[in-house]
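This is the structure I have questions about; it appears just below.
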Amino acid sequence: MSLQSDIAIQNSMGHAGHSIVTTTSAQAGNWSGIQVVTATVISSITGAAGCVLSGVYSGTTLPAGLFIPGKFTSFTLTSGVVIAYIDRT
């Protein structure tokens with residue numbers, strides 16, 4: 001397996017750690033995915049270079065259990081609780 005494959009597998013398993021987010025403060029960092037814990041509204045989300053975000057996140061209630069994969073550099077919640085997985089870059 002290549003190094004890139006190893007990193008992708010580790011990111012998908014939360015190898016680099018996570019942060020439980022319960023506040024409406026902007027969350028800056030390198031994130032590899034966001035797991036919705038309780039019904040959540042995201043007010044803004046920014047993809048890392050090369051990560052194309054499609055659809056409407058702002059104002060949309062995301063159900064508990066939803067996982068949003070991708071590479072993100074920041075996001076802000078309006079309400080709810082998520083687990084943000086740290087990207088191993």
Chi angles and distances behind the side chain to side chain contact (heavy atoms under 4.5 Å, CB included) call for L62, I68: CA-CA 10 Å; L62 305 173; I68 306 169; 3.9 Å; yes
Return all side-chain donor-acceptor pairs below 3.5 angstrom for residues 41-48, not counting sequence neighbours, or 'none' if the list is empty.
| from | atom 1 | to | atom 2 | distance (Å) |
| --- | --- | --- | --- | --- |
| S43 | OG | T76 | O | 3.2 |
| S44 | OG | T76 | OG1 | 3.4 |
| T46 | OG1 | S74 | OG | 3.3 |

Nearest heavy atoms of F72 and G33, plus distance in Å: CE1-CA, 4.1 Å
Flag, side chain of Q35 to backbone of V82, donor-acceptor distance under 3.5 Å: no
Spacing of OG1 belonging to T73 relative to CG belonging to D87, to within rounding of 0.5 Å: 11.0 Å
Which pairs would a plain distance check flag for residues 20-27, meaning a side-chain donor or acceptor within less than 3.5 Å of a matching protein atom at least two apart in sequence or in another chain?
| from | atom 1 | to | atom 2 | distance (Å) |
| --- | --- | --- | --- | --- |
| T23 | OG1 | S25 | N | 3.4 |
| Q27 | NE2 | S25 | O | 2.9 |

H18 and Y85 aromatic ring geometry - parallel, tilted or perpendicular at 30°/60° bounds: tilted
Partners passing side chain to side chain donor-acceptor pair (under 3.5 Å) against T38 (at least two apart in sequence or in another chain): none
